[in-house]
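The structure appears right after this line, and notes come after that.
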Amino acid sequence: MLRLLGADYVLDTTFGADMTVMEEAHEFLQRFESGNKLPIMTSCCPAWVKFVEIFYPKYIKNLSSARSPISMQGSLIKTYFAKKIGQDPENIVSVAVTPCTAKKAEIKKFGDVDFVIPIRELAKWFKEKGLSYDALENSQYDSIMGTGSGAGVIFGTSGGVTEAVLRTANFMLTGKDLENLEIKVVRNLDGFVEAEVELAGKTISIASVSGTINARKLFEEIEKGKQYDLVEVMACLGGCMAGGGQPINVRLSHEQTRIARSKALYQLDEKSSVRYSYKNPDVKAVYEEFLKDFGSPLLHTSYQDRSEILG
Ligand code: SF4
């Protein structure tokens, strides 16, 4: 579909999710081992980040500095990818297809991604062009940054970022693959899940939260003294699979849709030949050939107190 609409290259954002997992797992372990700025709070949801910046700025330091998957992929497209295809980054127009409308605001912060098209708008554009879904043939992603792991796939459902990060953090701690890689206790369809997970002999206290109403509940818990090490928050109830730019299923209720989409993502993970972000060959290539180490400014960001908006 994207090629029919004019795309020269079609890359997989799941690669970007794997990059976010790598950087966030590394940052989490640094903080966990030093005890600094805990709990680490995920930062891949721009609506959640803005919520913290406006309503809870004293927790800005807790946000992971890791950029979101589309933002990591965006900066790598204009650097690593541009070099690989021998193009001046100025000549590349990068478009992210997202389940999310808030990403339209996020890309203005970095300037690497030129446009965001949520899924519903993409479908509308395709129909307006008079193109037919029936005429579409199966095709593959392009080869550079075109591979994603099962861990990257489950980023789309609440609890998935935590599970993906824990799989990689375990490898960073032990050099081994996690035996029971399905960490079901952090899977979260209800909006607020708390769990303790044993990783390399250490107990990690986790909250997985979705829906901003539950984010307020999270801060109430923290302010009552509850201690977590790793907190994942998605502004949309259920995570990105229920994002504001997603198709609306007229046959199912919101809840049924969330359950079906979440199940589909976990099934994709189960069927994936690569289920750990650190085993994604495209991720390995970008570190080996280009980044060399964790913490590149291309993949990280900072945040600002926006509470003045409240007057
Ligand atoms: S949870 Fe919702 S607002 Fe946040 S990134 Fe996903 S789709 Fe966007």
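Counting starts at 1 for both ligands and their atoms, following the listed order. What's counted below: heavy atoms across the whole structure, side chains too, no hydrogens, waters or symmetry copies.
Residue contacts with ligand 1: Pro46 is included, with a non-hydrogen atom under 4.0 Å away.
Under 2.8 Å from atom 4 (Fe) of ligand 1 lies no N/O/S atom of Cys240, from backbone or side chain alike. Taking 2.8 Å as the threshold, Cys100 counts as a candidate ligand of atom 8 (Fe) of ligand 1, since one of its N, O or S atoms lies below it.
A donor-acceptor pair shorter than 3.5 Å cannot be found between the side chains of Glu182 and Tyr266.
Residue contact check: Cys45 has heavy atoms under 4.0 Å from atoms 1 (S), 3 (S), 4 (Fe), 5 (S) of ligand 1. The atoms of ligand 1 that sit less than 4.0 Å from any heavy atom of Gly243 are 7 (S). For ligand 1, the atoms lying closer than 4.0 Å to a non-hydrogen atom of Met234 are 1 (S). Close approach of ligand 1 to Ala235 is summarised as follows: ligand atoms under 4.0 Å from at least one heavy atom of the residue are 1 (S). The Cys236 neighbourhood of ligand 1 comprises atoms 1 (S), 2 (Fe), 3 (S), 7 (S), with distances under 4.0 Å to a heavy atom of that residue. For ligand 1 and Ala47, the ligand atoms under 4.0 Å from any heavy atom of the residue are 3 (S).
Using modelled atom types, one side-chain atom of Ser43 and one backbone atom of Ser64 make a donor-acceptor pair closer than 3.5 Å.
Ring orientation note: the planes of Tyr133 and Phe126 are tilted relative to one another, at an angle of 30° to 60°. The aromatic rings of Tyr56 and Phe51 sit tilted relative to each other, their planes meeting at an angle between 30° and 60°.
Ring to ring, Phe81 and Tyr9 are close: their centroids are under 6.0 angstrom apart.
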Side chain to side chain contact (heavy atoms under 4.5 Å, CB included) assessment of Phe171 paired with Lys279 | CA-CA 10 Å; Phe171 179 76; Lys279 289 195 173 177; over 6 Å; no

Check step by step if side chain to side chain donor-acceptor pair (under 3.5 Å) holds for Ser149 and Asp18.
-> CA-CA 7 Å; Ser149 76; Asp18 281 329; 2.6 Å; yes

